[in-house]
2 protein chains.
Amino acid sequence: MLHDPAQLDLMFQALADPARRQMVDRLSRGPASVSQLAEPLAMSLSAVVQHLNLLEASGLVRTQKVGRVRTCQIEPKALRAAEHWINERRLAWELRLDRLGDFLAQTNDEN
Amino acid sequence: MLHDPAQLDLMFQALADPARRQMVDRLSRGPASVSQLAEPLAMSLSAVVQHLNLLEASGLVRTQKVGRVRTCQIEPKALRAAEHWINERRLAWELRLDRLGDFLAQTNDEN
DNA sequence: GCAATAGTTAAGTAAATGCTTCAGTGTTGA
DNA sequence: TCAACACTGAAGCATTTACTTAACTATTGC
């Protein structure tokens with residue numbers, strides 16, 4: 001489910017913006033309201049809400065509104081999906097290098 | 001070096017585009033020339049070169065030109081840096097959840 | 001030498017992005 | 001009840017992005 005390309009697209013796109021990464025960073029230390037997320041950022045609350053909506057659409061953040069405050073938290077599954085994508089590619093490359101190394105070592109032995 | 005925010009910015013931005021992720025995916029299976037990278041993509045070679053330049057600027061891909069062909073390969077260190085950023089945030093969150101779980105279990109025991 | 005190959009560069013353009021301000025809505029506490 | 005609070009949504013705008021085409025350079029193989 002989390003591996004469908006469209007969702008992956010939204011996630012990486014969400015992580016591409018420094019303000020949004022800062023928000024994720026803040027949320028990694030615990031839940032926060034929209035205003036709390038906005039506080040360290042040099043932009044209007046409205047802008048923060050727009051970023052937050054993107055983060056939520058990407059699945060990286062989940063929010064729930066109680067009364068007038070919207071509380072946000074990280075969705076670790078989504079983070080794991082992004083992590084996983086990168087990890088698979090890196091591992092593929094590194095395993096390839098290993099096999100190449102083995103091959104070279106082996107052909108060296110044969111001399 | 002690889003943890004400076006500007007570089008991280010470039011990397012996540014580079015990964016945000018599906019065409020560029022496809023290029024990284026291709027490169028995870030081994031080095032390729034610009035034309036080889038372009039082949040499965042529905043866009044001009046020129047567009048591919050522009051994507052490639054971004055990937056190189058981000059540090060995710062290293063290229064070297066021999067004669068008239070530019071050969072590209074993945075830079076696993078950069079991938080690891082992106083992976084690491086995500087992993088740290090996710091772990092921070094999950095450890096927090098664990099501590100919270102422990103706390104709740106403990107306060108439950110006391111009843 | 002010269003045509004084909006492999007890539008590069010510049011200029012232009014349409015669409016997307018990251019804001020802003022302003023005018024709301026619903027909630028809460030005194 | 002009513003002002004302050006916590007957000008929300010729409011419109012507008014400047015910038016950036018993801019392309020395109022077209023003209024170009026440098027290599028290679030015959």
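Labels below follow one simple rule: chain letters A, B, ... track the order of the sequence lines, proteins then strands, and each chain is numbered from 1.
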- Message: How would you summarise protein contacts on nucleotides 13-24 of chain C per nucleotide, using B for base, S for sugar-phosphate only and - for none, with heavy-atom distances below 4.0 Å?
- Response: ----SSBBB---
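By the 6.0 Å and 45° rule, A:R96 stacks over the aromatic ring of A:W93.
Within the structure, ring pair (Phe, Tyr, Trp, His ring centres under 6.0 Å) contacts touching residues 20-66 of chain A (residues at least two apart or in different chains) do not occur.
Atom CD of B:Q36 and atom P of C:dA6 are 9 Å apart (whole Å). Taking atom CG of residue A:L52 and atom C1' of nucleotide D:dG9, one finds them 14 Å apart after rounding to whole Å.
For the pair A:D25 and B:R89, the minimum side-chain heavy-atom distance is below 4.5 Å. Counting heavy atoms from C-beta on, the side chains of B:Q13 and B:L54 never come closer than 4.5 Å. Side-chain contact between A:P40 and A:Q22 is present, with heavy atoms from C-beta onward closer than 4.5 Å.
With a 6.0 Å radius and a threshold of 12 heavy atoms from other residues, nucleotides or ligands, B:E39 has its CD atom at or below the threshold.
Summarising the geometry, atom OG belonging to B:S58 is positioned 8.5 Å from atom CZ belonging to B:R20; distances are rounded to the nearest 0.5 Å.
Within residues 60-72 of chain B, the residues that have a heavy atom under 4.0 Å from DNA chain C are, in order of number, B:K65, B:R68, B:V69, B:R70.
Between the side chain of A:R21 and the backbone N or O of A:L15, at least one donor-acceptor pair lies under 3.5 Å.
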